[in-house]
A.B. asks: 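Quick one: the structure is below, questions incoming.
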Amino acid sequence: MVKIKNICCIGAGYVGGPTMAVLALKCPDIRVVVVDANAARIDAWNQDDLTQLPVYEPGLAEVVAEARGRNLFFSKDVDQGIREADMVFISVNTPTKTYGEGKGMAADLKWVELCARQIAAVATTSKIVVEKSTLPVRTAQAIKDILHNSQSKISFQVLSNPEFLAEGTAIQDLLRPDRVLIGGDQSPEGKVAIQALASIYAAWVPEEKILTTNLWSSELSKLTANAFLAQRVSSINSISELCEATGADVDDVAKAIGMDSRIGSKFLKASVGFGGSCFKKDILNLVYICRSYQLHEVADYWEQVIRINDHQTERFAKQIIKSLYNTVNGKKIAFLGWAFKKDTNDTRESAAIYVADYLLDECAHVVVYDPKVPKEKIYADLDFLGTRSSEENRKLVEVVDSAYAACADAAAVAILTEWDEFVVLDWNQIYSTMKQPATLFDGRNILNGEQLEKIGFRFQGIGKAAL
Ligand code: UDX
Ligand code: ADP
């Protein structure tokens with residue numbers, strides 16, 4: 001059996017960082033080097049102040065504190081990292097293409113391809129190359145082609161080992177995964193590589209939870225898992241609108257259906273819309289792949305999951321406008337939360353960005369508070385949309401450092417992220433500092449509407465009786 005002693009992970013992001021930290025923690029005999037082309041990101045991983053790591057995840061700082069400098073290293077020298085490793089994880093970003101063929105749908109594999117070329121160029125010994133990033137089915141073929149066409153005579157095995165962690169619970173998900181999936185060639189050499197990776201996970205994951213498949217099943221399973229999860233959120237969100245129209249309560253409906261063991265209770269929380277780096281990107285990617293195989297009905301089916309999500313986010317923004325007498329021009333609207341879910345500082349595809357953009361188009365004055373997202377990130381997210389100039393975004397949007405400051409003098413408060421600290425705010429105090437009538441939109445259904453109405457708020461939850 002091949003025993004791996006040196007691992008290199010290319011990409012020190014939300015997946016690469018936590019994943020390798022836990023691997024290093026659990027396998028003290030393996031040297032793990034995480035490299036990144038972004039030098040500032042590596043510096044941030046190496047700094048002494050563990051509260052300032054580039055990724056915020058509960059429990060991550062503790063894991064980094066134990067493993068960093070022992071067998072976990074963060075380095076800017078990508079070539080050296082690759083050269084010294086027996087196994088190289090590719091954990092770089094694969095955003096949706098913003099140009100050319102497949103624009104707005106297909107995954108941009110530029111960075112993955114660059115990694116493969118760099119591995120081919122600098123490797124002097126044989127390596128197992130592991131796809132950690134979520135990739136379109138059959139990407140491993142492209143990586144294989146690049147590696148095998150390199151000048152060198154050394155051999156490469158390509159594995160797919162998609163990461164199923166969810167942000168905000170990454171450390172728990174990594175320590176106790178539902179399953180670990182490893183796809184590889186079914187040749188004798190491929191099977192040896194699969195076993196080498198499986199034996200690493202076996203240090204802390206029960207054997208029956210380590211699944212091995214061929215490359216294509218593994219790649220497609222990751223896209224499919226995300227599509228199914230997102231579909232559940234869109235399904236309950238679609239029902240939330242019907243609840244508002246009929247007087248049903250979406251939380252009651254979710255509880256009632258979730259107790260059916262065939263349906264299950266998880267992932268049925270109605271919300272302002274799902275965000276995150278994966279769901280939208282992966283479904284668009286799935287839709288694009290289906291269309292490229294001429295499977296238009298299948299593509300239409302999955303595309304609808306995204307349409308419902310866009311609709312849900314827009315619907316939320318429209319409700320705010322409608323309840324403020326159809327104009328928000330010059331009105332202060334407090335946003336509690338900007339991250340795409342609680343317990344992360346990640347804002348990619350967060351519903352908050354789109355709700356803000358919609359309200360800014362109506363000339364609202366948006367004031368944001370998020371416990372973990374820095375001010376510059378909020379402005380960068382809005383600037384990235386390109387709807388208005390950077391100066392205008394800075395003029396119309398204010399970022400403050402407390403929920404109370406955000407809500408003072410506001411005509412309405414909108415909860416965009418379900419941070420625990422919002423549940424325990426002094427809502428009596430907030431009410432007394434707001435413009436009247438004070439309206440509260442709970443985009444995450446974390447607050448008790450009845451109690452808030454008793455204080456005097458006009459309250460609107462998702463899938464609750466309409467205002
Ligand atoms: C997701 C998958 O869960 C994970 O397995 C995969 O590896 C990456 O994509 P992530 O995007 O980090 O993880 O978070 P997740 O917990 O899935 O939440 C995604 C979005 O859906 C968030 O915006 C969340 O608020 C929303 N959501 C989730 C709901 O609105 N309701 C729910 O019931 C669950
Ligand atoms: P994810 O959520 O998938 O981890 P991120 O965007 O957080 O995605 O992280 C991906 C990281 O990969 C970024 O820090 C980026 O700088 C890095 N990266 C992308 N391409 C390369 C490359 N060719 N070489 C080294 N690092 C790269």
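Index from 1, following the sequence. Because only heavy atoms are used, hydrogens play no part in the values below, and waters and symmetry mates are left out as well, while side chains stay in. All of these numbers come straight from a predicted model, not from anything done at the bench. Both counts, for ligands and for their atoms, begin at 1 and track the order of listing.
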A.B. asks: Counting only heavy atoms not in Lys375 (residues, nucleotides, ligands), do more than 12 fall under 6.0 Å from its NZ?
C.D. replies: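 No.
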A.B. asks: Checking Trp419 against Asp343: is there a side-chain donor and acceptor pair closer than 3.5 Å?
C.D. replies: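 Absent: no donor and acceptor within the cut-off.
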A.B. asks: Looking only at protein heavy atoms, which one is nearest to atom 23 (N) of ligand 2, and how far off is it?
C.D. replies: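 Minimum-distance protein heavy atom for atom 23 (N) of ligand 2 reads Cys115 SG, 3.8 Å.
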A.B. asks: Hey, which atoms in ligand 2 end up nearer than 4.0 Å to a heavy atom of Asn38?
C.D. replies: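 Near Asn38, the atoms of ligand 2 are 16 (O).
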A.B. asks: Which protein heavy atom lies closest to atom 27 (C) of ligand 2, and at what distance to 0.1 Å?
C.D. replies: Val92 CG1, 3.7 Å
A.B. asks: Atom OH of residue position Tyr99 - does it have more than 12 heavy atoms of other residues, nucleotides or ligands inside 6.0 Å?
C.D. replies: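 Enclosed: over 12 neighbouring heavy atoms sit under 6.0 Å from OH of Tyr99.
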A.B. asks: Flag yes if more than 12 heavy atoms outside Tyr301 fall under 6.0 Å of its OH atom; otherwise flag no.
C.D. replies: no
A.B. asks: Identify the two heavy atoms, one from Leu385 and one from Tyr354, that lie closest to each other, and give their separation to 0.1 Å.
C.D. replies: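 Scanning both residues, the minimum pair turns out to be CD2-CE2, 3.9 Å.
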A.B. asks: Please report which non-hydrogen protein atom sits nearest to atom 19 (C) of ligand 2, along with the residue it belongs to and the distance in Å to one decimal place.
C.D. replies: Asn93 OD1, 3.2 Å
A.B. asks: Phe274 vs Phe279 aromatic rings, parallel, tilted or perpendicular, using cut-offs 30° and 60°?
C.D. replies: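 Perpendicular: the ring planes of Phe274 and Phe279 meet at over 60°.
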A.B. asks: Could you check atom 20 (N) of ligand 2 against the protein and tell me its nearest heavy-atom contact, residue, atom and distance included?
C.D. replies: Trp111 CD1, 3.2 Å
A.B. asks: For Trp45 and Asp36, does a side-chain donor sit closer than 3.5 Å to a side-chain acceptor?
C.D. replies: no
A.B. asks: Could you tell me whether Asp36 and ligand 2 have an N or O pair separated by under 3.5 Å?
C.D. replies: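 Asp36 vs ligand 2: N/O contact under 3.5 Å present.
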A.B. asks: Return a yes/no value for Val15: is any of its N or O atoms, backbone included, closer than 3.5 angstrom to an N or O of ligand 2?
C.D. replies: yes
A.B. asks: Return the residue, atom name and 0.1 Å-rounded distance of the protein heavy atom closest to atom 8 (O) of ligand 2.
C.D. replies: Arg348 NH1, 3.4 Å
A.B. asks: Between Phe228 and Trp302, how do the two ring planes meet: parallel, tilted or perpendicular, split at 30° and 60°?
C.D. replies: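 Rings of Phe228 and Trp302: tilted, as their planes differ by 30° to 60°.
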A.B. asks: When you look at CD of Glu450, are more than 12 heavy atoms from neighbouring residues, nucleotides or ligands closer to it than 6.0 Å?
C.D. replies: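 No.
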A.B. asks: Which residue and non-hydrogen atom of the protein lie closest to atom 24 (N) of ligand 2, and at what distance in Å?
C.D. replies: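 Going by distance alone, atom 24 (N) of ligand 2 is nearest to Ile10 CG2, 3.6 Å.
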A.B. asks: With Val272 as reference, evaluate Thr417, Val355, Asn445 under the side-chain contact (heavy atoms from CB on, under 4.5 Å) test and give the passing residue.
C.D. replies: Val355
A.B. asks: Evaluate Arg41 for polar contact with ligand 2, using N/O atom pairs at a separation under 3.5 Å.
C.D. replies: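 By distance alone, the answer is yes.
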A.B. asks: Verify whether one side chain among Glu167 and Tyr56 offers a donor that lies under 3.5 Å from an acceptor in the other.
C.D. replies: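 Per modelled atom types, Glu167 and Tyr56 side chains form no pair under 3.5 Å.
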A.B. asks: For ligand 2, which is the ligand I care about here, please tell me if Ala37 has any N or O atom under 3.5 Å from one of the ligand's N or O atoms.
C.D. replies: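 N/O-N/O distance under 3.5 Å: yes.
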A.B. asks: What short N/O contacts, under 3.5 Å, does ligand 1 make with the protein, listed by atom pair and distance?
C.D. replies:
unit_1	atom_1	unit_2	atom_2	d
ligand 1	5 (O)	Phe164	O	2.7
ligand 1	7 (O)	Glu163	O	3.2
ligand 1	7 (O)	Phe164	O	3.4
ligand 1	7 (O)	Leu165	O	2.9
ligand 1	7 (O)	Lys222	NZ	2.7
ligand 1	12 (O)	Glu167	N	2.7
ligand 1	14 (O)	Lys341	NZ	3.4
ligand 1	16 (O)	Lys341	NZ	2.7
ligand 1	23 (O)	Gly275	N	2.9
ligand 1	23 (O)	Phe340	O	2.8
ligand 1	25 (O)	Arg444	NH1	2.6
ligand 1	30 (O)	Ser271	OG	2.6
ligand 1	31 (N)	Lys269	O	2.8
ligand 1	33 (O)	Leu268	N	3.3
ligand 1	33 (O)	Lys269	N	2.8

